[in-house]
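Heads up, the thing below is written out as structure tokens.
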Amino acid sequence: MAASSASKWVSLPCTLSILLLLICIELTQCSVTYDKKSLIINGHRRILISGSIHYPRSTPEMWEDLIYKAKDGGLDVIDTYVFWNGHEPSPGNYNFEGRYDLVRFVKLVQKAGMYMHLRIGPFVCAEWNFGGIPVWLKYVPGISFRTDNEPFKMAMQTFTTKIVQMMKNEKLFESQGGPIILSQIENEYGADTQAYGAAGHAYMTWAAKMAVGLNTGVPWVMCKQDDAPDPIINTCNGFYCDYFTPNNKETKPTMWTEAWSGWFSDFGGPLPHRPVQDLAFAVARFIQKGGSFTNYYMYHGGTNFGRTAGGPFITTSYDYDAPIDEYGLLRQPKYDHLKALHRAIKLSERAIVSADPAFVSLGNYEQVCKIESFNVLKNQPKSYENR
């Protein structure tokens, strides 16, 4: 009897140790952090290729097919804005059905084994009516949009918190085992910060602090916001971003949240077209210069249904000359050309995330990019060169 009791007491610490070990493993397996090289997902640095697909710009019946076509095209991440005025058409009355069923869309991304970048905004621009801000908000007494204004900040915080809580309730953040690895607060606010002066800077700082305080367990970004405060990652939007470095290049990765695959169209104007050779070169150059996250805006543009198109004379088509066209069909040769690029990038991923590139000039117009990855077995560096 005494031996049996002793055995139980001995086994108890062992059981507790195993439980603690399992908890530690689980925490390690569900984490997103970053360093100057890249996002670190579950302990591994990653080069990530992302594509924007806006759920209200297609039908729910199209979503799964679009997501799997994106995955087959070599994408790791699906990126979407969250459209405030579509979700809250009147104060306190919410719509998360049909084309606005955000949870269903995120779960389809998870089902496909992909990651999600949720750009909450809640101002999104996106050539969307009123930039995504509910029209009813303009009638709130004393309100002033996107500045250090209490009525606007209260409304913005309420909606942002609601979206985050919805995702938490469904365990959709990577920290909970879900697909969401990134979130964005505000959108291209840098120029507005300067226009509003001290009030703009105060609002931007407040928005960053508010977002981080929601404790999602994943990083937050601000695009085109050079003074984004730590730990927010500032990112680049544009046709080319190989010139871009974050505001703290010793601690933050270099990320391109909008690599414009084309452009939106206006009634009476020409249909925009961006040659895939130009787009692919821009992405390859960005990765070569130390970039680790690229998002195609758009990968599927879709349709501005109803009266959702924003700005003067913007068409109902939001095709954007994207790799997947407005109707969900592959646009060739853009789709296959980029797919081949993504395959090449992934073959180099380990080397890219393991070392810093060094550039050797060959004159005024050429240079060699050299990446060294340390070979543990042979105790010597491996060299990868790219002209």
Parallel, tilted or perpendicular: ring planes of [X] versus [Y], cut at 30 and 60 degrees:
X	Y	result
His117	Phe293	perpendicular
Tyr81	His54	tilted
Tyr94	Phe159	parallel
Tyr55	Trp63	perpendicular

Do Asn85 and Val135 pass the side chain to side chain contact (heavy atoms under 4.5 Å, CB included) test, and can you show the C-alpha distance, the side-chain angles, and the key distance before you say yes or no?
CA-CA 7 Å; Asn85 55 9; Val135 174; 5.8 Å; no
Any side-chain heavy-atom pair of [X] and [Y] under 4.5 Å:
X	Y	value
Lys138	Ile133	no
Gln165	Lys168	yes
Pro60	Arg99	yes
Trp256	Val283	yes
Leu102	Met166	no
Ile78	Lys71	no
Val82	Val124	no
Thr315	Ser265	yes

Determine whether a donor-acceptor pair (N or O, by modelled atom type, separation under 3.5 Å) exists between the side chain of [X] and the backbone of [Y].
X	Y	result
Lys69	Ile324	no
Asn234	Asn247	yes
Ser292	Lys37	yes
Asp35	Thr251	no
Lys334	Ser261	yes
Asn129	Thr308	no
Glu349	Arg46	no
Gln157	Thr161	no
Asn215	Gly213	yes
Asp319	Glu326	yes

Let me check something: do [X] and [Y] share a hydrophobic cluster, defined by ILVMFWY side-chain heavy atoms less than 4.5 Å apart, either directly or through other members?
X	Y	value
Tyr139	Leu137	yes
Phe123	Met154	no
Met62	Phe96	yes
Val103	Leu66	yes
Met255	Phe244	no

Over all atoms of both residues, closest heavy-atom pair of [X] and [Y]:
X	Y	value
Lys107	Leu172	CG-CD2, 4.0 Å
Gly301	Ala322	N-CB, 4.0 Å
Tyr34	Pro253	CD1-CD, 3.4 Å
Lys111	Tyr68	O-OH, 3.6 Å
Pro323	Tyr335	O-CB, 3.8 Å
Asn237	Glu188	ND2-OE2, 2.9 Å

Do the two ring centres, one from Phe145 and one from Phe152, sit under 6.0 Å apart?
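Ring-ring flag for Phe145/Phe152: true, centres closer than 6.0 Å.
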Centres of the Tyr296 and His342 rings: under 6.0 Å?
yes
So, taking the atom named [atom1] in [X] and the one named [atom2] in [Y], what distance separates them when rounded to the nearest 0.5 Å?
X	Y	atom1	atom2	answer
Cys125	Tyr189	SG	OH	14.5 Å
Leu271	Phe264	CG	CZ	13.0 Å
Leu39	Asp76	CG	CG	11.0 Å
Ile49	Arg343	CD1	CZ	13.0 Å
Asp79	Ile53	CG	CD1	9.5 Å
Tyr320	Glu127	OH	CD	5.5 Å

For Phe267, look at atom CZ and say whether over 12 heavy atoms of other residues, nucleotides or ligands are found less than 6.0 Å away.
yes
For Gln332, is the CD atom crowded, meaning more than 12 foreign heavy atoms sit under 6.0 Å from it?
yes
Please say which of Leu118, Val32, Val109, Val77 ends up in a side-chain contact (heavy atoms from CB on, under 4.5 Å) with Ile180.
Leu118
side-chain contact (heavy atoms from CB on, under 4.5 Å) partners for Ala344, two or more places apart
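For Ala344, no residue satisfies side-chain contact (heavy atoms from CB on, under 4.5 Å) once neighbours in sequence are set aside.
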Tell me whether the NZ or CZ atom of Arg274 lies within the 45° cone about the ring axis of Phe239 and under 6.0 Å from its centre.
no
Yes or no on side chain to side chain contact (heavy atoms under 4.5 Å, CB included) for Glu88 and Trp136, after CA distance, side-chain angles and deciding distance?
CA-CA 10 Å; Glu88 192 177 5; Trp136 56 261; 3.6 Å; yes
Would you kindly say whether Asp242 and Gln288 are connected by a side-chain donor-acceptor distance under 3.5 Å?
no
So Phe105 and Ile67, side chain to side chain contact (heavy atoms under 4.5 Å, CB included) or not? Walk me through it.
CA-CA 9 Å; Phe105 183 74; Ile67 291 165; 4.1 Å; yes
Can you give me every donor-acceptor pair (side chain of residues 219-229, partner residue at least two apart or in another chain, under 3.5 Å) with its distance?
| from | atom 1 | to | atom 2 | distance (Å) |
| --- | --- | --- | --- | --- |
| Trp220 | NE1 | Ala211 | O | 3.3 |
| Gln225 | OE1 | Gly190 | N | 3.2 |
| Gln225 | NE2 | Thr193 | OG1 | 3.1 |
| Gln225 | NE2 | Asp227 | OD1 | 2.6 |
| Asp227 | OD2 | His201 | ND1 | 3.4 |

Side chain to side chain contact (heavy atoms under 4.5 Å, CB included) for Asp148 and Lys153? Distances and angles first, verdict last.
CA-CA 7 Å; Asp148 192 17; Lys153 291 194 296 183; 2.7 Å; yes
